[in-house]
Each structure stands twice: as structure tokens, then as C-alpha cells.
Amino acid sequence: MSETTTKPGEVVMPGDTVDINKDLFKNKRIILGPGLRNVDDQVIACKPGILRTKNQTFWVDSYQKRYIPCRGETVIGTVTQKAGDIYRVDIGASEPACLPYLAFEGATKKNRPDVNVGDLVFAKLLNASKDYESELICVNSYGQKHKLGALTGGFVFNCSINLVRRLLNENGNVLRAIQKEIQVPLEIVIGMNGRVWINGKNPRDIIAVANAILAAEDISEEEVAEMVHRVGGYFTGIK
């Protein structure tokens, strides 16, 4: 195992020891996110990337396309099969997840949700482990769907997990620039499994937003506004 000690903001490689000053988090729970493991009271990186931290949460920000289910994350999945009292849902992981009929708002054994094979669902991972099947739900802790549930119409596309984290970053410029440039009603749902769903009245606006999001993959935050203006103007006629 490597003896290298890495601090937040630096590049880590598998086997590197991560330096976490536990004195700064007295009486607080330190949360290890993707890319980090606790081995013999030491925090070890298990994949390459940049070490990130927010509050008491630490994770490795790396480029990846294969999704690894993590409890509590919201994902966009495709229903592939009805099996007994559950749906089988493809979430882009190595194995499909299960979604019970009763995991929808107001669902009962007699009143089943109107979800069929091929439909898209926006769901939350209730359980996720390498040892057993991942389980999804489409309600919050109060039994309400909130923003979860079936997605009707619209357009869905895949992107990297790294781009998804960037889109969901509260300090990111991508969605803010899109909202400013394309001033039309649009629905955007982002799944942590690298899938983005967009719905609107005008297909040209949907295509413009999808292309702007994908084009943001390889540019800096400073270049986002110019790129969105160029891509948005090409599809919507904005000069």
C-alpha cells in the first residue's frame, strides 16, 4: 500500500492515504463518499481522481461512465420487466434494481401505478450493496412522491458521472447559463447514474439544452456562458 498522504484538492491514486484532520470534526460524523474506504482506521483511496470535501463529507471526483449504486442517490431508470410485485429497472449499473409496486404514492395492491415496460422513472435508492439487489422507491419519508415517479414524454440522454456532479454543484455555471440563455419553460431531471431527462414544448429548445450540457464536459466554468450562447443561438435562432 502506498505511503503517500493526500489532502483535499490534490490528485489521489488507488492506495494513497487521505489526510483527514479529525480534530476539526469533533462530535461530528465523517462521511466517506465514492472512491474512499476505511481500512485499519485509515482512509484509503480506491480510485484515481481529485480529492474533494464539503463540510464533513469526503469523496474522489473522477471521470467514470459505469454507475455504482449508492444509497440515498436519485437515479433515472428504464423499466425492463414486470415480475410479480416488483418492476425490474435498468439504472446503468452492473445489475438491474428492483422497484416495488407499493413504492409509489397512493399505491395499493388493488390500485397499482400505471407504469409499463419501457417507461422512465425518477427514483431514489433505498438500499444499495454489492452483496444484494439494489432497491428503489418513488416516495419520500412521508409517503409523498415529491419530484419522484414516472417521467412522461421528454428526451433522455447519457453523460459521464463527473458531468452530473458538475451539473448538480450549487456553484456550477452550466444550468445557470442555460436558464439565462434559453428563457422558455423546461423541465430538467438529473440522475446520479449519468442520465439527464429534458422536457419542453419546443423540440429545438430540448435539443439546444442537451447539446449545451454535453458540450460542457470538456470546458472550464469560465467558458460555459459563451458556449451556451453559441449552442443555444444555433438551435433557437437567438442572435
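Only heavy atoms go into these numbers, but all of them, side chains included; no hydrogens, no water, no symmetry mates.
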Exercise. Could you walk me through whether I190 and L175 pass the side chain to side chain contact (heavy atoms under 4.5 Å, CB included) check?
Worked result: CA-CA 11 Å; I190 302 172; L175 294 183; 3.9 Å; yes

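- A donor-acceptor distance shorter than 3.5 angstrom exists from the side chain of N211 to the backbone of I207, with no hydrogens or angles considered.
- For D61 and R166, the salt-bridge test fails: no basic side-chain N is under 4.0 Å from an acidic carboxylate O.
- R37 is linked by a salt bridge (Lys or Arg N to Asp or Glu O under 4.0 Å) to nothing, counting only residues two or more places apart in sequence or in another chain.
- The salt bridge (Lys or Arg N to Asp or Glu O under 4.0 Å) pairs that include a residue from residues 89-107 are D90-R195, where partners are two or more places apart or lie in different chains.
- Closest heavy-atom contact between P113 and A107: CD-CB, 4.1 Å.
- Transitive grouping of hydrophobic side chains (ILVMFWY, heavy atoms separated by less than 4.5 Å) brings L163 and I206 into a common cluster.
- The side chain to side chain contact (heavy atoms under 4.5 Å, CB included) test applied to N38 returns L32, not counting sequence neighbours.
- In this structure T108 satisfies the side chain to side chain contact (heavy atoms under 4.5 Å, CB included) test together with K110, N111, sequence neighbours excluded.
- For G153 against N199, the heavy-atom pair with the smallest separation is C-OD1, 4.4 Å.
- In this structure S129 satisfies the side chain to side chain contact (heavy atoms under 4.5 Å, CB included) test together with D131, Y132, sequence neighbours excluded.
- With hydrogens and angles ignored, the 3.5 Å screen pairs no side-chain donor or acceptor of R52 with any backbone N or O of T57.
- When hydrophobic clusters are built by joining Ile, Leu, Val, Met, Phe, Trp and Tyr residues whose side-chain heavy atoms come closer than 4.5 Å, directly or via intermediates, I50 is not grouped with W59.
- Using modelled atom types and a 3.5 Å distance limit, the side chains of K124 and N140 yield no donor-acceptor pair.
- Among residues two or more places apart in sequence or in another chain, the ring pair (Phe, Tyr, Trp, His ring centres under 6.0 Å) test is passed with Y87 by Y101.
- In this structure, N193 contributes its side chain and I91 its backbone to a donor-acceptor pair below 3.5 Å.
- Identified under the salt bridge (Lys or Arg N to Asp or Glu O under 4.0 Å) test for residues 132-145, with sequence neighbours left out: R88-E133.
- No path of Ile, Leu, Val, Met, Phe, Trp and Tyr side chains, each step under 4.5 Å between heavy atoms, connects V117 with I86, placing them in separate hydrophobic clusters.
- Tracing side-chain contacts under 4.5 Å through hydrophobic residues (I, L, V, M, F, W, Y), one reaches V224 starting from V209; they form part of the same cluster.
- Between the side chains of N173 and R176, at least one donor N or O lies within less than 3.5 Å of an accepting N or O.
- Partners of D119 under the salt bridge (Lys or Arg N to Asp or Glu O under 4.0 Å) rule, at least two apart in sequence or in another chain, do not exist in this structure.
- Annotation: ring-ring contact (aromatic ring centres under 6.0 Å, His included) contacts involving residues 151-186, sequence neighbours excluded, comprise F155-F157.
- By the 4.5 Å side-chain criterion applied to Ile, Leu, Val, Met, Phe, Trp and Tyr, I68 is assigned to no cluster and stands alone.
- Of all heavy-atom pairs spanning A128 and S134, the tightest one is CA-OG, 4.0 Å.
- Residues L186 and V196 share a single hydrophobic cluster, defined by chaining ILVMFWY side chains whose heavy atoms lie under 4.5 Å apart.
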For this session: Let me see the working for L125 and L136 under side chain to side chain contact (heavy atoms under 4.5 Å, CB included), right down to the final yes or no.
Result: CA-CA 5 Å; L125 279 158; L136 301 169; 3.5 Å; yes

For this session: Show the numbers, then the answer: is there a side chain to side chain contact (heavy atoms under 4.5 Å, CB included) between V89 and C98?
Result: CA-CA 6 Å; V89 182; C98 69; over 6 Å; no

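- Listed by chain and number, the hydrophobic cluster partners of I76 are L120, F122, L148, L151, V156, V189, W197, where partners are ILVMFWY side chains within reach of under 4.5 Å, directly or through others.
- Within a 6.0 Å radius of CZ in R112, more than 12 heavy atoms belonging to other residues, nucleotides or ligands are found.
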Problem set entry | side chain to side chain contact (heavy atoms under 4.5 Å, CB included) assessment of L167 paired with I213 | CA-CA 8 Å; L167 293 173; I213 290 175; 3.7 Å; yes

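- Residue pairs meeting the side-chain hydrogen bond (donor to acceptor under 3.5 Å, both in side chains) criterion with at least one member in residues 146-164, sequence neighbours excluded: S160-E217.
- Smallest separation of non-hydrogen atoms from V12 and K47: CG2-O, 4.0 Å.
- With contacts defined as side-chain heavy-atom distances shorter than 4.5 Å, the pair V60/L36 qualifies.
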